[in-house]
Amino acid sequence: PQVRDRAVAILRGAIADAKTYVASTVLVVPGAVRDPEKENYQQVWERSQAEIRKAIPDARAAGVRIGIEVVWNDFLKTPEDFVKY
């Protein structure tokens, strides 16, 4: 929970910065499955969506979009997953 709280604070800061610099979008890597023994794909999916949703009102108010960035982190591994997310 502390890591997720910090991530939302960072996202909100990025949104504020984007507004200041008249940027249209901030990129977010939504999550990673680093240790399958401690977390699974579904947990990362649910947690990341819940946390990103917290910043949507900030993004709307700032006129900034939240872009989801896919990197090699064992999350959103297929185009279908990305579309569903």
For Tyr85 and Phe75, take the angle between the two ring planes, folded into 0 to 90°, and tell me which bin it lands in: parallel under 30, tilted 30 to 60, perpendicular over 60.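 Answer is perpendicular, since the angle exceeds 60°.
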
[Y] backbone acceptor or donor facing [X] side chain under 3.5 Å:
| X | Y | value |
| --- | --- | --- |
| Arg12 | Lys54 | yes |
| Glu39 | Arg34 | yes |
| Gln49 | Glu46 | no |
| Asp74 | Ala32 | no |

Closest non-hydrogen atom pair between [X] and [Y], with its separation:
| X | Y | answer |
| --- | --- | --- |
| Gln43 | Lys38 | OE1-O, 3.9 Å |
| Val64 | Ala23 | CG2-O, 3.8 Å |
| Ile15 | Ala62 | CG2-CB, 3.8 Å |
| Val26 | Ala18 | CG1-CB, 3.7 Å |
| Pro30 | Leu76 | CG-CD1, 3.9 Å |

Indicate if [X] and [Y] have the same hydrophobic cluster label, given that clusters are the connected sets of ILVMFWY residues with side-chain heavy-atom separations under 4.5 angstrom.
| X | Y | result |
| --- | --- | --- |
| Trp45 | Ile52 | yes |
| Tyr41 | Phe82 | yes |
| Ile56 | Val28 | yes |

To the nearest 0.5 Å, what is the distance between CG (Leu27) and CG (Leu11)?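 Here the rounded value is 11.0 Å.
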
